[in-house]
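Everything below concerns the one structure shown next.
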Amino acid sequence: MMQSVQGVVNHQLYESRLKQFEDEVGVYPVSCERLAAGRSDLEWLDQVIAGGSRIVQLRDKDSSDRDLLAKARYFRKKTSEAGVLFFLNDRLDIALLSDADGMHVGQKDLPPSEIRKLAPDILIGFSCNTEEQVRVLGEEVKRGTSAVSYYNIGPLFETGTKEGLHHFLGADGIGKFSRHCSLPFTVMGGIKLGHLDEVLRAGARRVAVVTALSGADDIAFETAHWQQRVLSGRKESC
């Protein structure tokens, strides 16, 4: 049964998207063109899909609005053909115009409740960087007043994708945070292949990564390896 989420209109569409997210997503690739060793976001997209990822997130803070919209529509076309979930970072306008399956936002971005008013059937991911943020979200979920579909725990380890970070949670943060909220969650932040066993033992079921895939020599191969490792680790813990 679907978790009670505030503001959903087309429950069948929402549930279908959420079921795919919960059942199929292992590795969660997030794009970053400047860290992709000279490869474009479009090349990256083709490779992570070829590697078997069941979700992609377009994260582009550099393109003009028109270029970003064109890129998002290309991502939507390719992901629809492959049956892959398409998420966009931060931009509600581009998400709506490109018919994205979901959005991911942080604590300083548009509130999920406001996003839900204009995008009633998309999945909404929400970054949580402190235990208190997860506790507050968990209370909203219990009351049935949350618009969030899943949340992210992070950053776990030192990462170069965001500036100004000085506090990293480590794998121990996974259990400490997730006990407060019943929603599905992802983990993110400096996670490398050598961390996988540790984060999976700590309870991670979906692992979001940027540089581990973007910087790989063979993105498709690396994506396939991460997807297999995460899904296998999930089965072993059941």
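Excluded from the calculations below are hydrogen atoms, water molecules and symmetry mates; all remaining heavy atoms, backbone and side chain alike, are included.
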Intermediate values then yes/no, salt bridge (charged side-chain N to carboxylate O under 4.0 Å, His left out), R91 and D60: CA-CA 10 Å; R91 293 291 300 271; D60 181 346; over 6 Å; no
State whether the number of non-hydrogen atoms from other residues, nucleotides or ligands found under 6.0 Å of [X] atom [atom1] is greater than 12.
{"X": "D217", "atom1": "CG", "result": "no"}
{"X": "R66", "atom1": "CZ", "result": "no"}
{"X": "Q12", "atom1": "CD", "result": "no"}

Passes ring pair (Phe, Tyr, Trp, His ring centres under 6.0 Å), F126 versus H104? Steps please. CA-CA 6 Å; F126 191 46; H104 192 91; 8.1 Å; no
What about [X] and [Y], same hydrophobic cluster or not, with Ile/Leu/Val/Met/Phe/Trp/Tyr joined at side-chain heavy-atom distances under 4.5 Å?
{"X": "I124", "Y": "L13", "result": "no"}
{"X": "L156", "Y": "L193", "result": "yes"}
{"X": "W226", "Y": "L231", "result": "no"}
{"X": "F177", "Y": "V136", "result": "no"}
{"X": "F221", "Y": "Y28", "result": "no"}

Taking every non-hydrogen atom, the tightest pair across [X] and [Y]:
{"X": "P112", "Y": "V105", "result": "CG-CG2, 4.3 Å"}
{"X": "I122", "Y": "R116", "result": "O-NH1, 2.6 Å"}
{"X": "F21", "Y": "V25", "result": "O-CB, 3.3 Å"}
{"X": "R206", "Y": "P184", "result": "NH1-CB, 3.9 Å"}
{"X": "I174", "Y": "G203", "result": "CG2-C, 4.1 Å"}
{"X": "V84", "Y": "S53", "result": "CG2-O, 3.5 Å"}

Does F168 form a ring pair (Phe, Tyr, Trp, His ring centres under 6.0 Å) with F157? I'd like the steps, not just the answer. CA-CA 5 Å; F168 305 101; F157 307 106; 8.7 Å; no
Check whether any side-chain heavy atom of [X] lies under 4.5 Å from a side-chain heavy atom of [Y], and answer yes or no.
{"X": "R17", "Y": "D121", "answer": "yes"}
{"X": "P155", "Y": "M188", "answer": "no"}
{"X": "L45", "Y": "S31", "answer": "no"}

Holding to side-chain hydrogen bond (donor to acceptor under 3.5 Å, both in side chains), I want the full list of residues that pass it with D218, two or more places apart in sequence or in another chain. none
Less than 4.0 angstrom from a charged side-chain N to a carboxylate O is my criterion; do R135 and E140 meet it? no
Go through it in stages, so that I can follow the logic: the residues are R201 and E236, the test is salt bridge (charged side-chain N to carboxylate O under 4.0 Å, His left out), and I'd like the CA-CA distance, side-chain angles, deciding distance and then a yes or no. CA-CA 10 Å; R201 283 196 302 268; E236 290 172 4; over 6 Å; no
All pairs passing salt bridge (Lys or Arg N to Asp or Glu O under 4.0 Å) where residues 103-114 contributes a residue, at least two apart: E114-K117
Pairing donors with acceptors under 3.5 angstrom, does anything connect the side chains of N152 and S127? no
Check whether the side chains of Y14 and S149 place a donor and an acceptor atom closer than 3.5 Å, and report yes or no. yes
Let me see the working for D101 and R76 under salt bridge (charged side-chain N to carboxylate O under 4.0 Å, His left out), right down to the final yes or no. CA-CA 9 Å; D101 296 301; R76 174 71 287 178; 2.9 Å; yes
For side-chain hydrogen bond (donor to acceptor under 3.5 Å, both in side chains), just list the numbers for S182 and K142, CA-CA rounded to whole Å, side-chain angles, deciding distance to a tenth of an Å, and then say yes or no. CA-CA 9 Å; S182 60; K142 289 178 183 177; over 6 Å; no
[atom2] on [Y] to [atom1] on [X], rounded to 0.5 Å:
{"X": "R73", "Y": "I94", "atom1": "CZ", "atom2": "CD1", "answer": "8.5 Å"}
{"X": "S214", "Y": "E222", "atom1": "OG", "atom2": "CD", "answer": "11.0 Å"}
{"X": "E33", "Y": "L42", "atom1": "CD", "atom2": "CG", "answer": "7.5 Å"}
{"X": "Q228", "Y": "T223", "atom1": "CD", "atom2": "OG1", "answer": "13.0 Å"}

For D41, run the salt bridge (charged side-chain N to carboxylate O under 4.0 Å, His left out) check against R34, K71, K78 and tell me which one passes. K71
Before giving the answer on salt bridge (charged side-chain N to carboxylate O under 4.0 Å, His left out), spell out for D90 and K61 the whole-Å C-alpha distance, their side-chain angles and the decisive distance to 0.1 Å. CA-CA 9 Å; D90 300 344; K61 298 178 180 291; 2.6 Å; yes
Using 30° and 60° as the class boundaries, would you call the ring planes of W44 and F75 parallel, tilted or perpendicular? parallel
